**Student:** 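Below is one structure. I have some questions about it.
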Amino acid sequence: MSNKIAEVEASDNLEVPYDTSDPKQVNTARKKAARTRADRLQFVEAAMNTEQGRAWYYDILKRCHVFNVPYVDGDPYATAFKCGETNIGIQILDDIQTIASGNYVKMVDENKRRNE
């Protein structure tokens with residue numbers, strides 16, 4: 001497995017920025033981004049189809065302060081840090097709601113039952 005990780009890291013390091021004035025290169029980059037997003041959504045959907053996956057995602061969203069205001073009184077740096085965490089959480093939440101909105105409701109219900 002470590003060889004696969006090394007291959008991915010090597011591949012990522014070899015990526016060269018594309019010429020944004022070349023429509024062919026832009027189209028290739030768009031297609032790659034669409035495939036990456038589709039793969040990520042497929043993973044999210046698979047994880048959200050299990051109780052453990054839903055619990056894990058709920059924990060991540062909670063750690064990212066998605067359900068709270070990130071403001072820290074008197075500390076703009078801590079507020080900015082928490083806003084960054086919230087931004088990541090909102091992106092994850094968007095993926096969940098895009099591909100597994102029914103399981104999102106299930107995830108929230110399961111969390112309520114766990115905390116009763």
Side-chain angles (χ1 to χ4, degrees):
M1 181 161 177
S2 62
N3 289 340
K4 181 66 175 170
I5 293 171
E7 288 174 22
V8 170
E9 287 177 352
S11 170
D12 288 347
N13 291 335
L14 292 176
E15 287 187 21
V16 178
Y18 61 92
D19 180 1
T20 57
S21 66
D22 181 358
K24 185 176 179 181
Q25 289 185 30
V26 170
N27 191 36
T28 301
R30 271 196 191 126
K31 287 180 182 179
K32 182 180 178 185
R35 283 191 305 271
T36 301
R37 174 125 170 96
D39 289 345
R40 183 174 57 245
L41 290 177
Q42 186 178 12
F43 171 81
V44 170
E45 183 178 35
M48 289 294 289
N49 281 326
T50 68
E51 187 174 347
Q52 296 88 351
R54 290 187 296 273
W56 186 82
Y57 269 116
Y58 190 88
D59 185 49
I60 292 294
L61 295 174
K62 194 173 172 182
R63 288 180 189 189
C64 290
H65 314 287
V66 170
F67 308 113
N68 301 320
V69 176
Y71 178 73
V72 177
D73 191 28
D75 191 346
Y77 299 107
T79 299
F81 183 81
K82 282 190 171 188
C83 284
E85 291 177 327
T86 302
N87 183 31
I88 296 299
I90 289 171
Q91 291 176 50
I92 293 169
L93 181 60
D94 178 60
D95 288 345
I96 291 169
Q97 291 178 337
T98 297
I99 197 70
S101 58
N103 281 331
Y104 172 77
V105 174
K106 198 175 197 179
M107 174 183 74
V108 172
D109 288 342
E110 289 169 350
N111 183 66
K112 283 181 184 177
R113 276 187 263 122
R114 268 194 307 274
N115 292 326
E116 289 180 344

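One-based numbering along the sequence shown. Because the structure is predicted, anything quoted here is derived from the model rather than measured.
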**Student:** Salt-bridge test for E85 and R63: reply yes if a basic N is under 4.0 Å from a carboxylate O, no otherwise.
**Tutor:**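 No.
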**Student:** Identify the heavy atoms of L61 and G89 that sit nearest to each other, and give their distance.
**Tutor:**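 Looking at all heavy atoms of both residues, the closest pair is CD2-O, 3.3 Å.
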**Student:** Determine whether a donor-acceptor pair (N or O, by modelled atom type, separation under 3.5 Å) exists between the side chain of T86 and the backbone of C64.
**Tutor:**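 Present.
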**Student:** Please report, to 0.1 Å, the donor-acceptor pairs under 3.5 Å made by any side chain of residues 102-109, with sequence neighbours excluded.
**Tutor:**
from, atom 1, to, atom 2, distance (Å)
N103, ND2, M48, O, 3.1
N103, ND2, N49, OD1, 2.9

**Student:** Can you tell me how far apart CD1 (I90) and SG (C83) are? Round to the nearest 0.5 Å.
**Tutor:**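 Between atom CD1 of I90 and atom SG of C83 there are 9.0 Å.
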**Student:** Going by the angle between their ring planes, with limits at 30° and 60°, are F43 and Y57 parallel, tilted or perpendicular?
**Tutor:**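 Aromatic pair F43/Y57 classed perpendicular.
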**Student:** Among residues at least two apart in sequence or on other chains, which ones pass ring pair (Phe, Tyr, Trp, His ring centres under 6.0 Å) with F81?
**Tutor:**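 With sequence neighbours excluded, F81 shows a ring pair (Phe, Tyr, Trp, His ring centres under 6.0 Å) to no residue whatsoever.
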**Student:** Indicate every side-chain donor-acceptor pair of residues 93-100 with a distance under 3.5 Å to a residue at least two apart or in another chain.
**Tutor:**
from, atom 1, to, atom 2, distance (Å)
D95, OD1, R37, NH1, 2.5
D95, OD2, R40, NE, 3.0
T98, OG1, D94, O, 2.7

**Student:** How many angstroms lie between CD in Q42 and CG in D39, if you round to the nearest 0.5 Å?
**Tutor:**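 Q42 CD to D39 CG: 6.5 Å, rounded to 0.5 Å.
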**Student:** When you group the ILVMFWY residues by side-chain heavy-atom contacts below 4.5 Å and let the links chain together, are Y71 and F67 in the same group?
**Tutor:**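 Shared cluster, no.
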**Student:** Please check: side-chain N/O of N115 versus main-chain N/O of N111, any donor-acceptor pairing under 3.5 Å?
**Tutor:**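 Here the side-chain-to-backbone pair exists.
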**Student:** Supply the atom-to-atom distance Y58 OH to R114 CZ, rounded to the nearest 0.5 angstrom.
**Tutor:**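 Separation between the atoms: 8.5 Å.
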**Student:** Nearest 0.5 Å, please: how far is NZ in K82 from CG in D75?
**Tutor:**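 Reported value, rounded in 0.5 Å steps: 9.5 Å.
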